[in-house]
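Structure first, then comments.
Chain letters run A, B, ... following the sequence lines, proteins first, then strands; residues in each count from 1.
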Amino acid sequence: MAKEITSREEDYSQWYLDIVKKANLAQNSAVRGCMVIKPYGFSIWEKMQGQLDKMFKDTGHQNAYFPIFIPKSFLSKEAQHVDGFAKECAVVTHHRLMNDPNGDGVVVDPSAKLEEELIVRPTSETIIWNTYRDWINSYRDLPLLINQWANVVRWEMRTRLFLRTAEFLWQEGHTAHATKAEAIAETKQMQEVYARFAEDFMAVPVIKGTKSDSERFAGAEDTYTIEALMQDGKALQAGTSHFLGQNFAKAFDVKFLDENQKSEYVWATSWGVSTRLMGALIMTHSDDDGLVVPPRLASTQVVIIPIPKPNDEINAAVETITAELKAKGITVKYDQDKKKRPGYKFAEYEMHGIPVRLGIGKRDLEKGVVEVARRDTKEKSSQPLEGIADHIEQLLEDIQNNLFQRALDFRKEHTTHVDTFEEFKEVLETKGGFIYAHWDGTEETEKKIKDLTKATIRCIPNDAPEEDGKCVLTGAPSKRRVVFAKAY
RNA sequence: CGGGAUGUAGCUCAGUUCGGUUAGAGUACUGGUCUGGGGGACCAGGGGUCGAAGGUUCAAAUCCUUUCAUCCCGACCA
């Protein structure tokens with residue numbers, strides 16, 4: 001077999017790359033660290049975008065677009081922010097090419113040097129807050145609730161398709177508020193939106209929490225995160241929502257007159273999820289036969305395969321089924337390719353993770369049934385043609401729920417509470433996953449644990465109960481457990 | 001940026017040690033025949049600047065120098 005996938009057991013990271021490649025999701029490009037998202041991969045991203053965009057609008061946000069280039073000077077206005085991003089910025093220094101005077105090809109025209117260099121945005125806080133200064137004068141201008149869908153560039157040293165690429169697609173919300181409380185409420189609301197999206201649509205269970213000082217977004221006062229667990233026991237940060245305080249308002253001098261005619265700095269938030277979610281989707285559900293896409297994100301939910309190939313009788317039956325499914329809003333593809341054999345198609349659609357596959361042949365038609373195969377469990381059964389659409393509608397729902405439940409069970413099995421550092425290391429080495437442990441709250445301890453084990457604090461869970469304990473490393477008193485894991 | 005490895009057909013790789021006709025295999029692709037309920041068989045065909053540049057030589061995928069890229073391990077990383 002030509003399209004074999006490396007098994008997860010054999011080499012997890014190769015398995016991931018095989019899926020991305022063989023399910024036609026993405027490929028490496030001519031530019032290091034940048035990827036080409038292929039049509040099938042993009043169709044899944046589009047489904048994600050569509051749903052997220054709806055959720056943003058339902059919570060009162062509007063879309064806008066800001067430029068890809070940021071004047072260098074903007075980036076240095078917020079000290080922590082520049083520290084966080086300076087090392088990974090692409091910089092535009094010239095605006096013209098010319099023919100190489102020494103031969104063929106083109107060279108940068110030295111006379112076209114820019115007065116001020118432009119940074120390709122690694123994130124848009126600075127240019128957006130520079131714009132907000134003009135937009136915000138009064139409390140009546142607030143809150144300002146804006147989102148943008150864009151690409152950003154971060155010159156990462158080591159990249160991996162979808163999980164960390166030099167350029168990636170994302171959305172970034174940037175909101176401005178009159179009060180601190182309101183901004184914090186917005187930050188939490190968006191964390192909630194992300195969590196709901198991850199769980200209800202991606203079928204990926206997440207832990208909601210806040211970041212420790214060292215893991216916080218550069219320029220934020222608080223970073224709210226959703227953390228997912230991958231099948232290899234490593235954590236993946238799936239989305240973040242930042243409470244920015246008045247940091248950017250002060251850096252860009254964005255003030256408003258409140259109802260008491262007092263001039264105040266604006267309170268800010270920003271929040272984002274990226275094409276990295278594709279990586280989370282792949283690594284949560286897929287198996288050694290290929291991608292598994294939850295029905296709610298599948299661009300094609302049902303594929304119908306004529307066995308062994310299309311004929312008038314089969315076509316007629318398919319036409320009926322297709323009409324019934326479409327009436328229910330289910331997306332269907334009928335694969336009439338005569339050159340490829342059924343077995344080939346079965347494997348191919350499994351590779352692509354299509355949730356439900358129908359097989360129809362002469363035998364089935366004689367009995368008035370159709371073969372229904374579900375991708376998640378790979379179970380097959382014969383179902384009567386009568387009422388098939390209802391059955392499939394229910395089946396898609398079952399698959400969606402089953403994927404979530406399966407991921408949740410996996411997470412439960414890979415979540416451990418530990419009280420000693422010996423246990424901590426032991427669990428990390430044997431089964432990985434999320435480790436709930438006490439921590440003394442200092443950055444030194446956090447760093448030491450990271451150096452010793454490679455595990456980092458993924459978050460301080462929102463729902464962590466108060467509990468007296470001792471730091472797993474130093475033995476200093478602690479009030480609650482935090483979540484540790486090795487992370488992507 | 002350090003340590004290691006690799007660049008030969010779309011993909012996976014052989015050939016490089018020890019230089020010698022026209023550079024190979026599997027797979028994928030194209031056409032045909034037979035097939036047909038889980039990645040079919042056979043026949044025929046197309047496809048290469050051997051990563052790039054320079055050098056040594058009668059002769060370079062093979063030797064030398066430089067360079068670029070990719071992968072793995074570190075460092076780095078919302």
Check nucleotides 73-77 of chain B against the protein and report each pair of N or O atoms closer than 3.5 Å, with its distance, or say if there are none.
{"residue": "B:C73", "atom": "OP2", "partner": "A:R158", "partner atom": "NH2", "Å": "2.3"}
{"residue": "B:G74", "atom": "OP1", "partner": "A:K454", "partner atom": "NZ", "Å": "2.5"}
{"residue": "B:C77", "atom": "O2", "partner": "A:R164", "partner atom": "NE", "Å": "3.0"}
{"residue": "B:C77", "atom": "O2", "partner": "A:R164", "partner atom": "NH1", "Å": "3.2"}
{"residue": "B:C77", "atom": "O2", "partner": "A:R164", "partner atom": "NH2", "Å": "2.8"}

- Cation-aromatic face contact A:R357/A:F346, 6.0 Å, 45 degrees: yes
- Output yes when A:D232 and A:R8 qualify as a salt bridge under the 4.0 Å nitrogen-oxygen rule, no when they do not. no
- Task: Within residues 354-368 of chain A, find the residues that approach RNA chain B with a heavy atom at under 4.0 Å, and present them sorted by residue number.
- Result: A:R357, A:G361, A:K362, A:R363, A:D364
- Query: Closer to the 5' end of RNA chain B via nearest nucleotide, is it A:R276 or A:I307?
  - Reply: A:I307
- In whole angstroms, the gap separating C1' of B:A28 from NZ of A:K21 amounts to 12 Å
- Would a distance-only check, ignoring hydrogens and angles, find a side-chain to backbone donor-acceptor pair under 3.5 Å from A:T165 to A:F162? no
- Assign A:E215 to base, sugar-phosphate, or nothing according to its heavy-atom contacts below 4.0 angstrom with the strands shown. sugar-phosphate
- Kindly state each residue pair satisfying salt bridge (Lys or Arg N to Asp or Glu O under 4.0 Å) with at least one member in residues 372-383 of chain A, sequence neighbours excluded. A:D287-A:R375, A:D289-A:K378, A:E350-A:K378, A:R374-A:D376
- Using atom NZ of A:K309 as one end and atom P of B:U35 as the other, report the distance to the nearest whole Å. 10 Å
- Task: Using a strict cut-off of less than 4.0 Å between a Lys/Arg side-chain nitrogen and an Asp/Glu carboxylate oxygen, indicate whether A:K448 and A:D451 qualify as a salt bridge.
- Result: no
- Item | Positions of residues 69-82 of chain A (non-hydrogen atom under 4.0 Å from RNA chain B), listed by number | none
- Query: If only atom types and distance count, is the side chain of A:S7 paired as donor or acceptor with the main-chain N or O of A:D288 below 3.5 Å?
  - Reply: no
- Just how far, in rounded Å, is P of B:G39 from CG of A:D18? 21 Å
Under 3.5 Å, side-chain donor or acceptor atoms of residues 77-93 of chain A against the rest of the protein: list the pairs with distances, not counting sequence neighbours.
{"residue": "A:E78", "atom": "OE1", "partner": "A:Q80", "partner atom": "N", "Å": "3.2"}
{"residue": "A:E78", "atom": "OE1", "partner": "A:H81", "partner atom": "N", "Å": "3.0"}
{"residue": "A:H81", "atom": "ND1", "partner": "A:A218", "partner atom": "O", "Å": "3.0"}

- Round to the nearest Å and state the distance from A:K345 atom NZ to B:G40 atom P. 12 Å
Dump every N/O contact between nucleotides 2-8 of chain B and the protein below 3.5 Å, one line per pair.
none

- Item | Whole-Å distance separating the CG atom of A:D337 from the C1' atom of B:G39 | 14 Å
